[in-house]
Amino acid sequence: MTTEPQFDAPTLVEDLLLLLFQPRSGTIAGENTLFYVLGGAVLADLALGDHLTTEARGRVSSVAGHPPSDSLLRPAWDYLAEKPRGVQTALAAIGPALRAPVLERLVARGDIDQEPRKVLGLFRTTALREGRTERRARLLADVRQVLVDGAEPQARVAALAALLSASGTLPQFHREIPWTSSVISRAKELERGDWGADAAAAAVTRTVTATVVNSAIAAITVLPRG
């Protein structure tokens, strides 16, 4: 008998990549800005877990003696433990290495399936398909409640929606999240850090997370969208 791999609760970066996965095409939306938004999700997750703090001039650093337990987050914490860094510098350092291990984690959890295929009957490749957990649908429903229904988000959902908006991919979700002026306006509010009272997170944590998300957005918006 084989046992399923055991993981902690899904990280924010897993949630973001799962949302960016497009089941109909088997592709990941926003590939040309992907490493910035994934890096932003890691930093936001560290902030939400009180593993990260802000320094002068918008720099961030690790909270000494309080590393995260998850292996997806630990390399970023170690990097920022060396010395305070600018957020954009941190994103460029930690973002490029994230796609593969995060996708592997989603496959291991069953959120995404990999399907071996042959191209032209000769070349082996792998197609991505939606998994069995239905977790993507639940995440999308949470984001929809905030963007469409006007629900006040918890900090985690607010960060997720803000990064999703910053990636430039929201128009691709039109079937589930109508691309309307009110949705655009709410998404921009979240990008700016206007998340509401959010009793589930301390004010300091919200401030740090909003700073990280906004810095990530500033980095993303100067990149070509392709």
Side-chain angles (χ1 to χ4, degrees), residues 5 7 10-45 71-73 76 91-92 94-148 156-157 159-180 183-184 187-188 190-191 213 216-217 219-226:
F7 300 115
T11 59
L12 187 64
V13 69
E14 290 174 71
D15 288 351
L16 182 61
L17 187 60
L18 182 56
L19 274 182
L20 290 172
F21 169 65
Q22 303 294 297
R24 292 183 181 86
S25 62
T27 61
I28 305 294
E31 284 278 12
N32 57 329
T33 59
L34 189 62
F35 82 85
Y36 269 101
V37 293
L38 295 184
V42 165
L43 295 184
D45 217 345
S71 60
L72 287 176
L73 306 180
L91 294 176
I94 68 177
L98 286 170
R99 186 187 190 278
V102 175
L103 183 57
E104 288 173 6
R105 179 77 67 86
L106 291 172
V107 171
R109 288 188 189 277
D111 296 326
I112 293 177
D113 287 336
Q114 290 182 319
E115 180 181 297
R117 285 189 171 184
K118 282 188 176 181
V119 178
L120 302 177
L122 297 172
F123 305 105
R124 293 186 180 276
T125 186
T126 302
L128 300 178
R129 293 288 178 264
E130 189 163 15
R132 308 167 297 283
T133 65
E134 298 184 353
R135 194 163 71 83
R136 184 180 182 276
R138 294 194 295 272
L139 288 171
L140 197 55
D142 288 342
V143 173
R144 178 188 166 87
Q145 283 185 340
V146 173
L147 293 179
V148 179
R156 182 183 177 91
V157 178
L160 185 61
L163 287 164
L164 193 65
S165 176
S167 72
T169 63
L170 267 180
Q172 298 183 43
F173 292 82
H174 181 71
R175 289 174 181 265
E176 300 91 354
I177 301 175
W179 187 237
T180 63
V183 166
I184 295 169
K188 293 302 179 184
L190 294 175
E191 287 187 21
V213 171
I217 289 164
I220 292 162
T221 53
V222 302
L223 295 177
R225 294 299 170 94

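For clarity, every value in this text was computed on a predicted model and none was experimentally measured.
Salt bridge R156/D142: absent, no basic N to carboxylate O contact under 4.0 Å.
Side-chain contact check for V42 versus L72: every heavy-atom pair is 4.5 Å or farther apart. Using a 4.5 Å heavy-atom cutoff, the side chains of R109 and T133 are not in contact. Side-chain contact between L170 and W179 is present, with at least one heavy-atom pair separated by less than 4.5 Å.
Between R129 and G26, the shortest heavy-atom distance links the atoms NH1-CA, 4.1 Å. The shortest heavy-atom contact between A41 and L16 is CB-CD2, 3.9 Å. Nearest heavy atom pair, residue L91 against residue G40, reads CD2-N, 3.2 Å. In terms of heavy atoms, V102 sits closest to V13 at CG1-O, 3.8 Å. Of all the heavy atoms in I94 and A76, the pair that sits closest is CD1-CB, 3.8 Å. Scanning both residues, Q22 and F173, for their nearest heavy atoms gives NE2-CZ, 3.6 Å.
Of the inter-residue distances, the one linking T180 atom OG1 with L147 atom CG reads 9.0 Å to the nearest 0.5 angstrom. Annotation: the span from L106 atom CG to D113 atom CG amounts to 11.0 Å, rounded to 0.5 Å. One distance of note links CG of N32 with OG of S167; it measures 9.5 Å at 0.5 Å rounding. In this structure, CG on L103 lies 12.0 Å from CG on L98, to the nearest 0.5 angstrom.
A 6.0 Å sphere centred on CZ of R175 holds no more than 12 heavy atoms belonging to other residues, nucleotides or ligands.
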| side chain to side chain contact (heavy atoms under 4.5 Å, CB included) between L140 and L19: does it pass, once the steps are laid out? | CA-CA 7 Å; L140 197 55; L19 274 182; 3.9 Å; yes
| query | Between L34 and L17, does a side chain to side chain contact (heavy atoms under 4.5 Å, CB included) hold up when you go through it step by step? | reply | CA-CA 9 Å; L34 189 62; L17 187 60; 4.1 Å; yes
| Given the rule in the side chain to side chain contact (heavy atoms under 4.5 Å, CB included) test, do I112 and E130 qualify, once you have shown the distances and angles that lead to the verdict? | CA-CA 5 Å; I112 293 177; E130 189 163 15; over 6 Å; no
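Taking the salt bridge (charged side-chain N to carboxylate O under 4.0 Å, His left out) definition, one finds that D111 meets it with R135, sequence neighbours left out. Taking the salt bridge (charged side-chain N to carboxylate O under 4.0 Å, His left out) definition, one finds that E31 meets it with R99, sequence neighbours left out.
For the residue pair Q172/T169, the side-chain donor-acceptor check at 3.5 Å is not satisfied.
Of the listed residues (V183, I177, L190), just one forms a side chain to side chain contact (heavy atoms under 4.5 Å, CB included) with V146, and that residue is L190.
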